[in-house]
Asks: 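My questions will all concern the structure given below.
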Number of protein chains: 4
Amino acid sequence: MNVHSAIHISAMMDANREKSVSEAFSSYRTATSTHSGGSKREAILEAALLLFAERGFHGTPVPLMAKKAGVGAGTIYRYFESKEALVNALYQRWKGRLGELVLTDFQLDASPREQLRQYWTRMCTFVREHPQAFKFLEAHHHGPYLDETSRALEMSILGPALTFIELAQAKGLIKAGPPEVFLAAVNGILVGLVKASWAGNLELTPEILAQGEACAWEAIRA
Amino acid sequence: MNVHSAIHISAMMDANREKSVSEAFSSYRTATSTHSGGSKREAILEAALLLFAERGFHGTPVPLMAKKAGVGAGTIYRYFESKEALVNALYQRWKGRLGELVLTDFQLDASPREQLRQYWTRMCTFVREHPQAFKFLEAHHHGPYLDETSRALEMSILGPALTFIELAQAKGLIKAGPPEVFLAAVNGILVGLVKASWAGNLELTPEILAQGEACAWEAIRA
Amino acid sequence: MNVHSAIHISAMMDANREKSVSEAFSSYRTATSTHSGGSKREAILEAALLLFAERGFHGTPVPLMAKKAGVGAGTIYRYFESKEALVNALYQRWKGRLGELVLTDFQLDASPREQLRQYWTRMCTFVREHPQAFKFLEAHHHGPYLDETSRALEMSILGPALTFIELAQAKGLIKAGPPEVFLAAVNGILVGLVKASWAGNLELTPEILAQGEACAWEAIRA
Amino acid sequence: MNVHSAIHISAMMDANREKSVSEAFSSYRTATSTHSGGSKREAILEAALLLFAERGFHGTPVPLMAKKAGVGAGTIYRYFESKEALVNALYQRWKGRLGELVLTDFQLDASPREQLRQYWTRMCTFVREHPQAFKFLEAHHHGPYLDETSRALEMSILGPALTFIELAQAKGLIKAGPPEVFLAAVNGILVGLVKASWAGNLELTPEILAQGEACAWEAIRA
DNA sequence: CATGAATGAGTTTTCATTCAT
DNA sequence: AATGAATGAAAACTCATTCAT
């Protein structure tokens with residue numbers, strides 16, 4: 001797998017709604033400005049995001065989502081075939097957005113140190129701007145209700161990331177070993193920090209995030 | 001909080017069952033060899049552990065647990081007041097065991113590098129011997145159904161760990177900064193590796209775990 | 001307590017549904033002519049009345065009520081928070097109706113003999129028109145599932161009745177002694193007759209009811 | 001039906017246990033002094049009496065009765081075929097005792113006024129000495145779980161009482177009309193007073209009971 | 001005999017989904 | 001298209017009864 005797989009990410013997003021690549025690619029960009037039909041769909045997805053993040057998939061009744069979204073319970077089923085379809089659409093949307101954010105215009109030719117900085121910064125941006133989405137993605141990683149498309153999306157970020165690590169290893173700038181280890185380390189540190197902040201043990205200030213980035217680099221540098 | 005708080009961990013384990021500290025302390029040690037009265041309780045806790053780990057609290061119906069445990073559905077309520085009481089007992093049992101495993105006879109006077117090795121090794125032992133328990137603890141960290149006792153147990157491991165980090169920082173052997181950052185980094189790397197293995201991206205061989213430990217040390221060393 | 005407390009009765013009726021006094025006052029009058037939204041509620045209350053009267057609160061499963069009411073079991077919980085809330089609503093409704101029937105436009109200045117006749121007649125009317133309601137009220141008098149509001153309603157009929165007895169005693173027309181004794185006697189005779197009819201030992205003809213009224217008067221007259 | 005039907009009462013008591021008339025007749029007299037096997041049966045019946053009186057048949061779990069009786073849950077089923085059999089045995093025991101108390105050596109040739117006094121006094125004795133039994137009998141009068149024997153027992157007291165009323169009517173000492181009316185009146189007054197005392201509205205002092213008796217007599221006298 | 005742990009049918013209650021309006 | 005009342009299947013939990021000890 002290589003960097004260019006990034007272009008497939010958007011195609012998988014919101015897969016339950018539209019199947020066309022180009023449509024899918026543009027759909028979420030214009031999400032906030034869509035009109036008739038779209039605003040309710042957005043409201044539902046937003047309410048679902050918050051509730052799934054706080055209470056989990058099985059812990060969130062559909063009528064509660066409807067109430068929070070300000071729509072009728074039946075309306076949800078006009079936009080999504082089922083609760084499962086909804087959680088998959090939501091997962092694909094946010095995993096897709098995260099993937100786009102991270103991979104779009106990624107500096108292919110920067111130094112590994114610089115690339116880590118870019119990756120780290122973008123992930124932190126996502127965490128800051130969409131904390132509930134991050135929590136949702138983290139909590140629903142491997143729910144049995146996720147379909148193949150959702151699972152496949154995971155790889156679209158992991159794949160390019162692994163490629164970058166391999167390239168850096170080839171240059172001797174990152175430790176030798178399975179690249180998955182170092183990706184797990186970097187992501188693990190980030191997730192560790194974020195979870196510590198959720199638990200109230202830590203505040204995610206820019207300084208602390210920078211500190212975390214430094215740790216991540218030291219963890220993987222050769 | 002200091003290292004000696006470790007002795008309180010056992011006292012909190014299985015709190016819903018016995019209240020006496022000494023009893024609680026010894027109860028789980030003999031769990032596998034318990035007499036007739038306890039075997040069903042053990043079967044229930046074991047079935048619950050597997051199912052909660054795979055499907056989550058809300059995703060696991062009581063009758064399914066009963067079937068997996070080989071008991072009647074009503075039997076579960078002879079041992080636990082409610083499904084919530086069961087998940088709390090389970091959480092406290094395993095968090096307590098993890099705490100004991102990590103903290104018992106911890107080398108207070110070893111070097112930070114050595115202490116990290118010991119911590120890392122013990123955590124890996126737990127992951128290897130009780131993978132479902134680790135998954136369960138990871139997934140149920142902050143469920144709204146956890147009671148005060150369960151939440152309090154969390155701190156009994158975190159507390160001592162933070163103390164060690166502070167001591168090492170004072171000696172200039174670990175980076176300066178909030179100790180929570182470095183604890184989150186170490187744990188994050190471990191959890192990252194374990195999750196990668198769950199996802200099938202990595203096999204947790206001794207070599208890889210050692211690699212992870214090296215990363216963890218580099219991440220936090222001064 | 002005086003006669004005017006009667007105006008509070010309606011306010012307490014159906015207290016679980018509406019809180020406004022004026023609304024509550026008029027709500028049950030139009031009960032039989034309610035619109036689409038209320039017909040199921042009425043059907044549930046009617047089915048519950050019959051079943052609770054025949055089999056008691058604990059002896060009546062919710063699905064049986066649902067079947068008798070011609071609704072789904074879940075529907076009952078759209079109208080009542082719980083089975084307990086339902087029995088309380090039912091109790092308050094009928095106790096309220098009985099209170100209204102007895103106290104509305106009661107002849108404050110008639111002779112005690114005439115007042116007894118009026119009270120007796122109205123009670124008999126209630127028994128004739130709502131035999132199941134009378135049975136229900138009689139059987140659920142002091143169930144532990146009744147809430148404060150239900151219990152309080154009891155007093156709104158007893159209070160005025162006691163006042164009338166006291167007034168008549170002051171005029172020397174009713175025996176001296178605690179007024180509660182004579183109220184118990186009058187009500188006891190009525191309930192005795194009704195229960196005898198339930199047992200099949202007696203038919204509640206107008207003659208027999210008149211006979212009972214005569215007994216009641218002789219029982220309490222000075 | 002005449003007075004001599006009284007001798008059949010005992011024969012029906014505890015019918016579920018023994019069928020022989022003589023045995024049945026003597027069984028409850030010696031109840032408190034019986035030994036092996038009997039004491040547990042008594043404990044069960046006593047616990048059941050209290051619990052059924054307070055919470056009703058369906059509101060009383062068998063395990064709770066067992067606990068209150070100080071026996072194992074299974075033990076109850078060594079003495080009674082089922083919960084229904086138990087409530088019937090209990091009903092028959094106490095209805096039988098009440099019948100015996102009222103009818104044994106009843107003054108057949110006394111004046112109606114004197115006979116009422118005797119009846120009233122004996123009923124009051126029962127209420128005073130066995131308040132829970134009275135409450136139990138009152139509450140379980142016509143439960144659907146009562147069998148034919150239990151229902152039949154009712155008549156063994158009512159029958160003789162009606163005979164006495166008829167005799168008194170023939171002498172012109174009690175009002176003309178269906179004797180059931182006057183029996184219902186007398187019993188109704190008594191039950192009314194007792195229920196008022198349960199509700200806390202009245203204390204059953206000797207004076208008040210005498211007052212009640214006076215009311216009862218006035219209610220029925222010609 | 002006596003027990004009380006065990007059970008599954010039955011209870012109350014919830015909830016994903018449908019459908020008449 | 002949108003709704004939310006209605007539903008029944010399934011959830012959590014209870015309890016009358018059994019049976020191994």
Asks: For A:M65 and A:L86: C-alpha separation, side-chain torsions, deciding distance, then whether side chain to side chain contact (heavy atoms under 4.5 Å, CB included) applies.
Replies: CA-CA 11 Å; A:M65 283 172 29; A:L86 168 51; 2.9 Å; yes

Asks: Assess whether a salt bridge exists between C:R41 and C:E46, defined as any Lys/Arg side-chain N lying under 4.0 Å from an Asp/Glu carboxylate O.
Replies: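 Judged by the 4.0 Å cut-off on N to carboxylate O distance, C:R41 and C:E46 do not form a salt bridge.
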
Asks: Specify the separation, in whole Å, of atom CD1 of D:I44 and atom C1' of F:dA16.
Replies: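 Those two atoms, CD1 and C1', are 15 Å apart.
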
Asks: B:L50 and side chain to side chain contact (heavy atoms under 4.5 Å, CB included): which single residue from B:R55, B:Q132, B:K135 fits?
Replies: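 Of B:R55, B:Q132, B:K135, side chain to side chain contact (heavy atoms under 4.5 Å, CB included) with B:L50 is met by B:Q132 alone.
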
Asks: Within the side chain of C:S150, is there an N or O that forms a donor-acceptor pair under 3.5 Å with the backbone of C:L146?
Replies: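 Flag not set: sc C:S150 to bb C:L146 has no pair under 3.5 Å.
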
Asks: Would you say the ring centroid of D:H58 lies under 6.0 angstrom from that of D:Y145?
Replies: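 Yes.
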
Asks: Could you write nucleotides 13-21 of chain E as a row of B, S and -, 5' to 3', where a protein heavy atom under 4.0 Å of any base atom gives B, of only sugar-phosphate atoms gives S, and otherwise -?
Replies: BB-SBBB--

Asks: Does C:K83 count as lying over the ring of C:F57, i.e. NZ or CZ under 6.0 Å from the six-ring centre, within 45 degrees of the axis?
Replies: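 Pair C:K83/C:F57 counts as cation-pi.
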
Asks: Could you check whether any side-chain heavy atom of C:N88 comes within less than 4.5 Å of a side-chain heavy atom of C:T149, counting everything from C-beta outward?
Replies: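 A side-chain contact is absent here, since even the closest heavy-atom pair is not under 4.5 Å.
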
Asks: Between D:H141 (side chain) and D:F136 (backbone), is there a donor-acceptor pair under 3.5 Å?
Replies: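 Absent.
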
Asks: Would you kindly give the CD1-to-P distance between B:I76 and F:dC15, to the nearest whole Å?
Replies: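 Computing the B:I76:CD1 to F:dC15:P distance gives 18 Å.
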
Asks: Pull out every stem in DNA chain E, meaning runs of 3 or more consecutive Watson-Crick or G-U wobble pairs with both distances under 3.5 Å.
Replies: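 In DNA chain E, stems of three or more pairs: E:2-21 with F:2-21.
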
Asks: Considering all heavy atoms of both residues, which atom of D:Y77 and which atom of D:S82 are nearest to each other, and what is their separation?
Replies: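 Reported closest heavy-atom pair: CE2-CA, 4.0 Å.
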
Asks: Would you kindly give the CZ-to-C1' distance between B:F80 and E:dA5, to the nearest whole Å?
Replies: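 To the nearest whole Å, that distance equals 15 Å.
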
Asks: Starting at CG of D:L64 and ending at C1' of E:dG4, how long is that distance when rounded to a whole Å?
Replies: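 Those two atoms, CG and C1', are 15 Å apart.
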
Asks: Would you mind telling me which residue lines up with the more 5' stretch of DNA chain F, A:G72 or C:G72, judged by nearest nucleotide?
Replies: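 The residue whose closest nucleotide sits nearer the 5' end is A:G72.
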
Asks: How many Å lie between CE on A:M65 and P on F:dA2, as a whole number?
Replies: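 Taking CE of A:M65 and P of F:dA2, I get 16 Å after rounding.
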
Asks: Quickly work out the A:K67 NZ to F:dA5 P distance and round it to whole Å.
Replies: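 Spelled out: NZ on A:K67 to P on F:dA5 is 12 Å.
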
Asks: OP1 or OP2 of E:dC1 versus the side-chain N and O atoms of D:R78: is any pair under 4.0 Å?
Replies: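 Result: no.
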
Asks: Would you say E:dA5 has OP1 or OP2 under 4.0 Å from some side-chain N or O of B:Y79?
Replies: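 No, B:Y79 has no side-chain N/O under 4.0 Å of OP1/OP2 on E:dA5.
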
Asks: May I ask you to verify if any side-chain N or O of A:K40 is less than 4.0 angstrom from the OP1 or OP2 atom of F:dT3?
Replies: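 Result: yes.
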
